[in-house]
Amino acid sequence: MCLIVIQPKGYIFSEPEIEDFWSHSPDGFGIMWHDEEGVHGLRSVLSLPRTIAAYKNYAAGLDCVLHFRMATHGDVSVKMAHPFLVSEHLLVVHNGIISGYGKGGVSDTYDFVETELKPVLGPTKRDADSLQNENVQEFITEIIGWSNSLVFLDYKGRITQLGR
C-alpha cells in the first residue's frame, strides 16, 4: 500500500525516517503544499538518495502532504505518481485500491481522478470548494469505500481526508 504523511509546519523528518517510508513504497514520491500563490504539487520516481534530496529541497519544514507510492495498478512512472491534479485549485493523493478502476494500463487512482473527481471537483474554485459539502464527501466515500484514503489539498490550504 501507498503511504500518506501529513507533515505539520516546522517538522523535518530524518533521513532514516524518509528511508523507512521509501523502503515500503518506493514506486513514486510526491509532495503537495500551499502558499500565497495557491496549491502546488511535485511528483517523481527517484532513487532513495534523490528522494531524500527532493524532500530536503521541497518539503522539509513545510506544512505539506507527502506520498510514497507502491504500484498496484499502472506502471512505475511520473504519470502514475501522486499527487494528482484534480484542477489548478485542488490536488489529491490516495492510499488503497479503488475497485473497478485502473484498467487500460493506468493506476486506479489516475482512472478515478479522471473519470470521477475532475467532472465533480473541477475546474473552478467553486468546484473545489464543493469538496467541503458533506453530500459530496459522502458520494466520494461511497465510491472509494472505507478501506481507502483520499487526502486533498485545496487552494485555501485546507486538507480534507476521506475514507480511513
Side-chain angles (χ1 to χ4, degrees), residues 1-8 13 17-34 39-48 50-52 54-55 58-59 63-123 127-128 130-155 158-164:
M1 291 283 207
C2 297
L3 177 65
I4 299 171
V5 180
I6 299 172
Q7 175 182 277
F13 287 102
E17 287 172 312
I18 297 296
E19 181 176 353
D20 182 53
F21 298 155
W22 186 89
S23 71
H24 297 290
S25 301
D27 298 327
F29 172 66
I31 308 163
M32 56 185 188
W33 71 95
H34 171 268
V39 64
H40 308 280
L42 170 94
R43 57 190 189 170
S44 63
V45 178
L46 299 171
S47 64
L48 175 59
R50 293 184 70 196
T51 296
I52 291 171
Y55 170 76
Y58 292 99
D63 185 15
C64 66
V65 178
L66 307 172
H67 185 274
F68 295 84
R69 180 176 185 238
M70 175 186 282
T72 54
H73 293 87
D75 60 352
V76 175
S77 68
V78 172
K79 181 179 179 180
M80 296 299 116
H82 304 215
F84 287 102
L85 184 72
V86 177
S87 76
E88 66 181 290
H89 310 293
L90 185 66
L91 296 171
V92 65
V93 296
H94 168 248
N95 181 14
I97 298 173
I98 306 172
S99 297
Y101 295 86
K103 296 173 178 65
V106 297
S107 75
D108 54 320
T109 309
Y110 178 91
D111 190 15
F112 181 73
V113 169
E114 293 296 316
T115 62
E116 304 294 341
L117 294 182
K118 283 185 176 183
V120 174
L121 300 175
D127 294 330
S130 70
L131 179 61
Q132 301 308 309
N133 180 294
E134 185 177 307
N135 292 328
V136 171
Q137 291 182 7
E138 286 178 16
F139 169 75
I140 293 169
T141 302
E142 275 186 34
I143 294 172
I144 66 169
W146 284 102
S147 64
N148 287 278
S149 181
L150 291 174
V151 177
F152 296 86
L153 179 66
D154 73 13
Y155 70 100
R158 294 177 292 199
I159 294 173
T160 303
Q161 182 175 351
L162 301 179
R164 65 174 162 82

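Numbers here are sequence positions counted from 1.
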Do you know the tightest heavy-atom contact between [X] and [Y]?
X: Leu91; Y: Pro83; answer: CB-CB, 4.3 Å
X: Lys118; Y: Val86; answer: CG-O, 3.4 Å
X: Glu19; Y: Leu48; answer: CG-CD2, 3.5 Å
X: Trp22; Y: Ser47; answer: CZ2-C, 4.0 Å
X: Tyr110; Y: Lys79; answer: OH-CE, 3.4 Å
X: Gln7; Y: Phe13; answer: OE1-CD1, 3.1 Å

Going from [atom1] on [X] to [atom2] on [Y], what distance comes out if it is rounded to the nearest 0.5 angstrom?
X: Phe84; Y: Arg43; atom1: CZ; atom2: CZ; result: 5.5 Å
X: His67; Y: Ile6; atom1: NE2; atom2: CD1; result: 12.0 Å
X: Ile31; Y: Leu153; atom1: CD1; atom2: CG; result: 12.5 Å
X: Leu66; Y: Met32; atom1: CG; atom2: CE; result: 9.5 Å
X: Leu121; Y: Leu90; atom1: CG; atom2: CG; result: 6.0 Å
X: Ile52; Y: Phe29; atom1: CD1; atom2: CZ; result: 10.0 Å

Apply the test side-chain contact (heavy atoms from CB on, under 4.5 Å) to residues Thr160 and Gln137: give CA-CA distance (whole Å), side-chain angles for both, the deciding distance (0.1 Å), then the verdict. CA-CA 9 Å; Thr160 303; Gln137 291 182 7; 3.8 Å; yes
Whether the side chain of [X] engages the backbone of [Y] through a donor-acceptor N/O pair (distance < 3.5 Å, no angle test) should be reported.
X: Arg69; Y: Ala81; answer: no
X: Ser25; Y: Met1; answer: yes
X: Ser23; Y: Asp20; answer: yes
X: Arg164; Y: Ser147; answer: yes
X: Gln161; Y: Leu150; answer: no

Run the side-chain donor-acceptor check on residues 92-103: report pairs under 3.5 Å with partners two or more places apart or on a different chain.
| residue | atom | partner | partner atom | Å |
| --- | --- | --- | --- | --- |
| His94 | ND1 | Thr109 | OG1 | 2.7 |
| His94 | NE2 | Asn148 | OD1 | 2.8 |
| Asn95 | OD1 | Cys2 | N | 3.2 |
| Asn95 | ND2 | Cys2 | O | 3.2 |
| Tyr101 | OH | Glu116 | OE2 | 2.8 |
| Lys103 | NZ | Gly100 | O | 3.2 |

Close side-chain approach of Asp63 and His34, heavy atoms under 4.5 Å: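 They are not in contact (no side-chain heavy atoms under 4.5 Å apart), so the answer is no.
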So, do Phe112 and Ile143 sit near enough that their side-chain heavy atoms are less than 4.5 Å apart? yes
Could you walk me through whether Met80 and Val106 pass the side-chain contact (heavy atoms from CB on, under 4.5 Å) test, one step at a time? CA-CA 7 Å; Met80 296 299 116; Val106 297; 4.0 Å; yes
List the steps and the verdict of side-chain contact (heavy atoms from CB on, under 4.5 Å) for Val39 and Phe152. CA-CA 11 Å; Val39 64; Phe152 296 86; over 6 Å; no
Within a 6.0 Å radius of atom OH on Tyr58, are there more than 12 heavy atoms belonging to other residues, nucleotides or ligands? no
Evaluate the criterion side chain to side chain donor-acceptor pair (under 3.5 Å) for residue pair Glu17 and Tyr55; output intermediate values, then yes/no. CA-CA 11 Å; Glu17 287 172 312; Tyr55 170 76; over 6 Å; no
